[in-house]
Amino acid sequence: MHIIVSGSSGLIGSALVPHLRATNHKVSTLVRVAASSSEEICWDPNTRVQFPVLTGVDAVVHLAGESIAQGRWTKEKKQRIRDSRMRGTTTLCEGLLSLTPRPKVLVCASAIGIYGSRGDEELDEASAPGTGFLADVASEWEQATEIAKAAGIRVVNLRLGVVLSPKGGALQKMLLPFSLGLGGTLGRGNQWMSWISLVDVLGLIDHALQVESLSGPLNAVAPHPVTNRDFTRTLGQVLCRPTPFPIPVTLLRLIFGEFADEALLSSTRALPRKALTSGYSFTGETLEEALRLLLGRPLPKSQKVGG
């Protein structure tokens, strides 16, 4: 297929583009600077995207958006988070209408933050949105894709959980303190973490592009979410390090402000029901399997077959 990708410099996009090209897809990337090759298309997410004369664009993967984890959540930061998602998505969708023929599918990033903090409640794609800043942003983000839906483009809203990769994101930030034996739970540690390995994010994007019956929300999370306490213990075991230092809630709020309650302490127990029922197979269903695969840590001898 010929696939257009936005957000190609981010954690997911920088892995997705070579992944797609390695499987013989043609990939064009949206960039905010002057295009330096025929594989780049210049755009301004706030105003417009001017596609060159393109024919046969089959699919679009839209990943661009202001990071929620970099920088304290000031009023201006929150506005950038919101605008980068709503304006960027609206701009892109309006631009797609100019293509002839139009792409068959748009896979647009979203987030399980749409469910809000729901304690121990199990959440799937049929669950109602929650409350809070991230829930509101994700709801508006998905609403912005209605332009494409109304034009007959199949839209998949990829509700991403905590994406695990040693090359970026939450796991990369944890590796140094945990490797030094300074890891610990966040607050009480009973909040649910719906995680997914970067390997399976790429796999689910492939799956969403190819399975024509998939549309609407798709939870991009592994089948077995864990509490923060279990995540902490498992990462410590994989790295063969103790995890004795819990971080108090008051300290988290002092350091991170509103982000602490909205992300670090939020409890979202999301399940990938649509992914499983549509036939997707996860590479590492348990957290330990995924971490060992990502970090190149073999199973202990006692856990190996015949060990």
Side-chain angles (χ1 to χ4, degrees), residues 1 3-7 12-13 16 20 57-65 68 82 84-97 99 101-118 121-163 194-196 200-223 225 268-282:
M1 293 190 287
I3 304 170
I4 294 174
V5 177
S6 77
I12 298 173
L16 178 65
L20 292 174
V57 175
D58 301 291
V60 179
V61 181
H62 179 41
L63 302 170
I68 67 169
R82 187 185 297 272
S84 68
R85 286 156 173 78
M86 266 60 75
R87 290 184 182 178
T89 303
T90 299
T91 297
L92 177 60
C93 289
E94 289 176 345
L96 295 181
L97 303 190
L99 294 176
R102 291 167 182 163
K104 296 180 177 65
V105 56
L106 165 64
V107 177
C108 183
S110 181
I112 60 167
I114 196 169
Y115 301 116
S117 186
R118 306 276 276 269
E121 181 183 357
E122 292 187 346
L123 304 161
D124 63 19
E125 292 87 352
S127 300
T131 58
F133 172 70
L134 291 181
D136 291 345
V137 167
S139 293
E140 293 174 21
W141 196 1
E142 293 187 6
Q143 184 64 33
T145 63
E146 288 296 328
I147 299 168
K149 292 180 186 177
I153 299 171
R154 178 171 65 91
V155 175
V156 178
N157 303 107
L158 195 70
R159 292 178 175 174
L160 292 157
V162 179
V163 179
S194 297
W195 59 274
I196 182 169
D200 277 319
V201 174
L202 304 184
L204 272 176
I205 290 174
D206 273 337
H207 188 68
L209 290 172
Q210 296 178 39
V211 179
E212 295 183 1
S213 61
L214 278 176
S215 64
L218 176 66
N219 286 346
V221 293
T268 308
R269 191 179 185 182
L271 303 173
R273 297 205 193 279
K274 285 177 71 171
L276 293 172
T277 57
S278 62
Y280 183 75
S281 297
F282 287 83

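What you see below is based on every heavy atom in this structure, not just the backbone, and it leaves out hydrogens, waters and symmetry mates.
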Exercise for the section: Mind checking side-chain contact (heavy atoms from CB on, under 4.5 Å) for A59 and listing every partner two or more places apart, or none if nothing turns up? Expected result: I3, V105, L209

Exercise for the section: Looking only at non-hydrogen atoms, find the nearest pair between I12 and L202 and report the distance. Expected result: O-CD2, 4.2 Å

Problem - Contacts of type side chain to side chain donor-acceptor pair (under 3.5 Å), residue S194, not counting sequence neighbours - result: none

Practice task
Check the pair I196, L204 against side chain to side chain contact (heavy atoms under 4.5 Å, CB included), reporting the backbone distance first and the verdict last.
Solution key: CA-CA 10 Å; I196 182 169; L204 272 176; 3.8 Å; yes

Fill in the blank from the handout: The complete set of salt bridge (charged side-chain N to carboxylate O under 4.0 Å, His left out) pairs with one or both residues in residues 149-158, sequence neighbours excluded, reads E146-K149

Handout entry: All pairs passing ring-ring contact (aromatic ring centres under 6.0 Å, His included) where residues 133-153 contributes a residue, at least two apart
Key = W73-F133

Completion exercise
T277 meets the side chain to side chain donor-acceptor pair (under 3.5 Å) criterion, sequence neighbours left out, with none

Practice task
Identify the two heavy atoms, one from S278 and one from H207, that lie closest to each other, and give their separation to 0.1 Å.
Solution key: OG-NE2, 2.9 Å

Exercise for the section: Working to the nearest 0.5 Å, report the span between CD1 of I153 and OG1 of T145. Expected result: 10.0 Å

Exercise for the section: Could you check E94 against I147 for side chain to side chain contact (heavy atoms under 4.5 Å, CB included), going step by step and ending with a plain yes or no? Expected result: CA-CA 7 Å; E94 289 176 345; I147 299 168; 4.0 Å; yes

Exercise for the section: Would you check if D200 and Y280 make a side-chain contact, meaning some heavy-atom pair closer than 4.5 Å? Expected result: yes

Practice task
Determine the minimum heavy-atom distance between I114 and S139, stating which atoms define it.
Solution key: CG1-OG, 3.5 Å

Exercise for the section: Could you list the residues that satisfy salt bridge (Lys or Arg N to Asp or Glu O under 4.0 Å) with D136, not counting sequence neighbours? Expected result: none

Handout entry: Separation between SG of C108 and CG of L218, rounded to the nearest 0.5 Å
Key = 12.5 Å

Handout entry: K274 with E125: basic N within carboxylate O range, under 4.0 Å
Key = no

Handout entry: Close side-chain approach of L123 and T268, heavy atoms under 4.5 Å
Key = yes

Problem - With R159 via side chain to side chain donor-acceptor pair (under 3.5 Å) - residues at least two apart - result: Y115, E142

Exercise for the section: Apply side chain to side chain contact (heavy atoms under 4.5 Å, CB included) to V61 and L158, showing your working. Expected result: CA-CA 10 Å; V61 181; L158 195 70; over 6 Å; no

Exercise for the section: Please tell me if the side chains of V107 and V60 come closer than 4.5 Å, counting only heavy atoms from C-beta onward. Expected result: no

Practice task
Could you tell me the separation between the OG atom of S127 and the CZ atom of R273, rounded to the nearest 0.5 Å?
Solution key: 8.0 Å

Problem - CG-CG distance between L214 and N157, expressed to the nearest 0.5 angstrom - result: 11.5 Å

Exercise for the section: Evaluate the side-chain proximity of R102 to L96: yes if any heavy-atom separation is below 4.5 Å, no if none is. Expected result: no

Problem - From I205 atom CD1 to Q210 atom CD, the distance as rounded to the nearest 0.5 Å - result: 12.0 Å

Handout entry: Partners meeting side-chain contact (heavy atoms from CB on, under 4.5 Å) with A111 (sequence neighbours left out)
Key = none

Completion exercise
Hits for side-chain contact (heavy atoms from CB on, under 4.5 Å) against A64, two or more places apart or cross-chain, chain-then-number order -> S6, W43, H62

Handout entry: Distance-minimising heavy-atom pair for V156 and S215
Key = CG2-CA, 4.1 Å

Handout entry: Those residues that, when tested against T131, pass side-chain contact (heavy atoms from CB on, under 4.5 Å) (two or more places apart)
Key = none

Practice task
Could I get the full list of salt bridge (Lys or Arg N to Asp or Glu O under 4.0 Å) partners for R118, not counting sequence neighbours?
Solution key: E121

Practice task
Return the minimal non-hydrogen interatomic distance between L271 and N219, and the atom names on each side.
Solution key: O-ND2, 2.9 Å

Problem - Within-4.5 Å side-chain heavy-atom neighbours: L92 and I4 - result: no

Problem - Closest non-hydrogen atom pair, F282 against A222 - result: CE2-CA, 3.9 Å

Practice task
Output the distance between atom OG (S84) and atom CD1 (I68), rounded to the nearest 0.5 Å.
Solution key: 10.5 Å

Completion exercise
Residues passing the salt bridge (Lys or Arg N to Asp or Glu O under 4.0 Å) test with E140, sequence neighbours excluded, are R82

